[in-house]
Each structure stands twice: as structure tokens, then as C-alpha cells.
*Asks:* 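Have a look at the structure that comes next, please.
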2 protein chains.
Amino acid sequence: MNSTNQQKSVGRPREFEEDRVLDAVMNTFWNQGYEGTSLKDLCSATGLHKGSLYQAFGDKHQLFLKSLKYYMEQSFKEVAASAYLHDSPMANLRSLLNEITTKCIEGEGCMVVNALVEMAPHDQEVKQMIDQSYAMKQRFLTDLIDRAQRDGEITIKQEPDRLAAVLMVTLAGLAATVKGFSNTDHISYVLEDVLSSWA
Amino acid sequence: MNSTNQQKSVGRPREFEEDRVLDAVMNTFWNQGYEGTSLKDLCSATGLHKGSLYQAFGDKHQLFLKSLKYYMEQSFKEVAASAYLHDSPMANLRSLLNEITTKCIEGEGCMVVNALVEMAPHDQEVKQMIDQSYAMKQRFLTDLIDRAQRDGEITIKQEPDRLAAVLMVTLAGLAATVKGFSNTDHISYVLEDVLSSWA
DNA sequence: CATATTTATGACCAATTGGTAATTAATAAT
DNA sequence: ATTATTAATTACCAATTGGTCATAAATATG
């Protein structure tokens with residue numbers, strides 16, 4: 001295995017980069033949903049024929065799972081960094097929530113929330129993936145809140161994990177709400193307002 | 001027009017009650033989504049043939065719009081009453097949010113939030129309907145919050161409409177979150193926690 | 001009873017769906 | 001150069017999709 005992931009192997013070489021394709025697939029599912037996306041859509045988005053798509057990634061459902069996983073990894077990477085910029089846990093929490101809010105507004109929502117609403121009730125695999133990522137994010141927030149409380153920057157007397165649950169629900173709500181409004185001014189203050197009510 | 005809505009008219013009489021059908025359609029769209037629901041699904045849910053469905057309600061999209069409108073009316077009726085049970089605005093706000101939370105958990109989500117996530121970005125008519133109902137609910141909450149602030153039961157210094165926006169987003173988040181968890185214990189406290197942080 | 005009107009039913013339709021398989025092309029190993 | 005292996009392309013498939021239409025059935029009117 002080398003750094004460019006182009007290990008020479010027997011047979012005709014791939015003409016596409018897997019991540020480039022996964023990115024296109026992800027974007028298509030992200031803004032059309034699972035049922036709203038046809039294989040034809042995926043082909044025109046990726047430039048591949050469905051035969052190639054199937055051989056490389058499996059059927060539509062597997063393709064969705066892989067693109068969802070890709071989304072989770074990428075978006076977490078993109079966002080988690082903002083939680084380590086400052087010394088104070090509260091400042092880190094603030095900039096994290098700001099970053100998520102910004103990304104959520106720019107991206108017109110969150111693929112995980114889309115999948116949660118459309119698929120989780122009828123798709124055990126999707127449900128499990130979301131469950132896992134939810135638990136991880138919840139722990140991440142709980143930790144930040146806990147430390148902010150010890151620092152005295154959060155004075156409200158409530159269990160950190162319950163406060164984290166409030167943030168998680170609010171963030172999900174943000175991702176949903178954003179899809180209905182062209183003017184997102186009101187919405188962008190919501191997380192700040194929640195946080196400042198804990199001061 | 002009479003009270004039973006069974007005005008005798010020329011031609012073969014309908015063999016179904018419009019509201020009964022609309023209710024079945026609503027439930028199907030509610031838990032399968034728009035793209036996830038086929039005409040066959042709607043036929044088996046209502047017991048009608050698609051010819052009848054088309055003649056009575058129009059095509060799939062119109063049928064969705066009508067069932068969404070039906071949902072909005074019914075759910076608002078069901079829930080709004082809990083905001084007039086007590087004298088204190090704060091107590092009314094509390095019981096309203098409790099009622100919504102309970103209904104949301106029982107119904108495994110909210111059809112409006114589902115439609116918001118799945119359709120609003122690509123469907124102008126759905127977007128408008130949701131926009132309207134959102135504005136109305138926001139005003140409803142703003143009014144309650146405003147009066148609770150004047151009563152001194154909400155002490156946090158923030159504009160009522162911004163606090164209402166927080167509640168709206170949190171409620172949307174609740175509707176989304178509920179779809180991923182069989183155990184809804186943690187979630188059921190979220191609205192209470194938000195409210196109590198304003199005390 | 002005959003007619004006009006509305007509804008229910010089932011046949012029908014072109015287009016699209018997700019998915020498969022056969023063929024051709026490009027590479028590495030021998 | 002031949003062969004094995006993998007990928008790209010194309011043709012193909014049954015099933016389902018949303019939607020229409022002709023026909024039969026049920027009622028009110030005359």
C-alpha cells in the first residue's frame with residue numbers, strides 16, 4: 001500500500017478515483033435523498049456507467065451506505081478541528097457550534113439528518129450507522145460541557161449529558177429547518193442563544 | 001351543504017368518506033415519505049383504485065399536498081388546546097411543549113418535518129405551505145413567551161421571537177431525532193430542559 | 001322507463017426503475 | 001506472444017412507476 005493508493009495490480013486499471021466518485025454519489029444522495037435518486041442520476045453525477053458502479057461499490061443500497069460513511073468521516077474531520085483552537089472549553093464549544101452552524105447553512109442541511117428522517121425507521125443498517133455517530137458526537141459534546149462547567153463558564157445546574165442532548169437535538173433541528181428558508185438570518189443565532197442561556 | 005356533508009347530488013354517490021381516505025393517505029406519506037410511497041401503496045392503504053383516487057383528489061402530488069394540509073390542520077387542533085388549560089402563560093407553554101413532545105414520540109415524528117427535509121428544497125408548493133404553518137406557530141410561541149416574560153416567569157433577557165425560534169428549531173430537531181431511537185427517554189426531557197434554562 | 005351525470009373498476013400505456021450478463025478493452029504475469 | 005485478470009461498455013431484462021381511458025354501475029331528474 002502506497003501513499004497515492006495506486007497499488008499496481010493485475011488486470012485493467014481503474015479509470016476513476018474512488019473518493020472522487022464517492023464524493024459525487026454523496027452529494028447526489030445528500031440533496032435528492034435515497035428514493036429520490038435513481039441509478040441514472042448517480043451515473044450522470046459520477047460519469048460512470050452503472051455496470052462500473054455496481055462492480056466497484058455494490059448495489060444502490062451499499063452505495064448509499066458507503067457514501068454516508070464517507071460523509072460522516074469527512075464532515076467530522078472538517079468540523080472537529082474548531083474544537084481545539086482555544087484554551088477554554090467554552091470557547092472551543094462556541095467555535096465548534098458556530099462552525100457546524102455555518103457548514104449546515106452553506107450545505108443546506110446535513111446528510112445524516114436527511115438519512116435519519118427518510119431512512120432510519122425502515123433501514124436497520126442506516127439506523128445503526130447514525131446511532132454510532134450520534135453517540136460519538138454526544139460524548140464529544142458532553143466532555144466539552146463538563147469541562148466548561150468545571151471552569152465555571154457554564155453555570156446552569158444540569159447534567160452535562162442532558163445539556164449535550166439538548167445541543168444534539170437543536171443541531172438536528174437546525175439541519176432540518178435550514179431546508180425551508182432562503183433567508184437564514186434568524187436561524188444562525190439559535191445555537192448561540194442556547195449556549196448563552198447556560199452562562 | 002348540510003352537517004354530515006352528504007349533500008344528495010346527481011350521479012353515482014361516493015362510496016368513501018373523503019376524510020377517511022385523506023387520513024389513510026396522510027399516514028402512508030407520513031411514514032414512507034413522498035418518493036417512498038407508490039400509488040399502489042396508496043390504493044392498498046385507502047382501499048380505493050387509482051382511478052378513483054385521481055378523480056377525487058388529482059395526481060400524486062396534489063394528493064400529497066392535500067394530505068399535508070389535512071395533517072397540519074388536524075395536528076394543530078389536537079395540540080393547540082393544551083395552551084389554554086391554565087391561567088399562567090408559562091404553565092400553558094409548558095403543557096403545550098409537553099403535549100407536542102408526547103405526540104411527536106407517539107407518532108414517531110412529524111409529517112411536516114419529514115416533508116421539510118425531503119421536499120422543501122425541490123418543491124415550491126410544499127415549501128410555501130410549510131413556511132406559512134411555521135410562521136403561524138412561531139407567532140403562537142412568541143406570544144406565549146412574551147407574556148411569560150412580562151409575568152416574570154421567564155427571566156432570561158432575550159427577544160421573545162428569538163426564544164421562539166429556539167423552540168421551533170428544537171421541536172424540529174425532536175421530530176427528526178425521534179426517528180432514530182427506540183428508547184426515547186433522554187429525548188423527552190429536551191424541551192423541559194430548554195424551558196427551565198430560561199427561568 | 002329513459003336519460004344525464006357521477007363513480008367504480010379494470011384494462012392499458014409509455015417510461016423508468018434497479019439489476020444482470022455478455023462483450024470488449026487494457027493491463028500484468030508467464 | 002499468450003494468458004489470466006480486471007475494468008469499461010453495451011445490450012438486455014422483468015418489474016414497477018405514475019398516469020389515462022373505456023366501460024360498467026349507481027343514482028337523480030324528467
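Numbered from 1 within each chain, the chains take letters A, B, ... in sequence-line order. The model shown is predicted, which means the values in this text are computed figures rather than measured ones.
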*Asks:* Quick check on DNA chain C: between B:His49 and B:Gly11, whose nearest nucleotide comes earlier from the 5' end?
*Replies:* B:Gly11
*Asks:* Tell me whether B:Leu171 shares a hydrophobic cluster with A:Leu167, the cluster being built from Ile, Leu, Val, Met, Phe, Trp, Tyr side chains joined at under 4.5 Å.
*Replies:* yes
*Asks:* Rounded to the nearest Å, what distance is computed from the OH atom of residue B:Tyr54 to the C1' atom of nucleotide C:dC12?
*Replies:* 14 Å
*Asks:* Which whole-number value in Å describes the distance from A:Leu53 CG to D:dT9 C1'?
*Replies:* 14 Å
*Asks:* Rounded off to whole Å, could you give me the CG-to-C1' distance for the B:Leu39 and C:dT16 pair?
*Replies:* 14 Å
*Asks:* Assess, by modelled atom type and distance only, whether the side chains of A:Asn31 and A:Asn27 contain a donor and an acceptor separated by less than 3.5 Å.
*Replies:* no
*Asks:* Answer yes or no: side-chain N or O of A:Arg12 and base N or O of C:dT27 forming a donor-acceptor pair under 3.5 Å.
*Replies:* no
*Asks:* For B:Ser52, answer base if it contacts any base atom (sugar-phosphate contacts may also be present), sugar-phosphate if it contacts only those atoms, and nothing otherwise; contact means non-hydrogen atoms under 4.0 Å.
*Replies:* base
*Asks:* Taking 4.0 angstrom as the limit, do B:Asp143 and B:Arg147 come out as a salt bridge?
*Replies:* yes
*Asks:* For B:Lys40 and C:dG10, give me the distance from atom NZ to atom C1', rounded to whole Å.
*Replies:* 15 Å
*Asks:* Any base atoms under 4.0 Å from A:Glu15, or only sugar-phosphate, or nothing? Heavy atoms, all strands.
*Replies:* sugar-phosphate
*Asks:* Between P on D:dA8 and CD on A:Glu17, what's the gap in Å once rounded to a whole number?
*Replies:* 13 Å
*Asks:* I'd like to know if A:Lys103 and A:Glu99 make a salt bridge, using a cut-off of under 4.0 Å between side-chain N and carboxylate O.
*Replies:* yes
*Asks:* Figure out the CD/P separation between B:Glu18 and C:dT6, and round it to whole Å.
*Replies:* 16 Å
*Asks:* Nearest nucleotide by nearest heavy atom, which residue falls closer to the 5' end of DNA chain D, B:Asp59 or B:Pro13?
*Replies:* B:Asp59
*Asks:* Rounded to whole Å, how long is the line connecting atom CD of A:Gln55 with atom P of C:dT23?
*Replies:* 17 Å
*Asks:* With a 4.0 Å cut-off, would you call A:Asp146 and A:Arg150 a salt bridge?
*Replies:* yes
*Asks:* Is the shortest side-chain N/O distance from A:Ser38 to OP1 or OP2 of C:dT16 below 4.0 Å?
*Replies:* no
*Asks:* Where each residue is assigned the nucleotide of DNA chain D containing its nearest heavy atom, which of B:Gly51 and A:Arg14 is assigned the position nearer the 5′ end?
*Replies:* A:Arg14
*Asks:* Rounding to a whole Å, what distance do you find between A:Lys60:NZ and C:dT16:P?
*Replies:* 16 Å
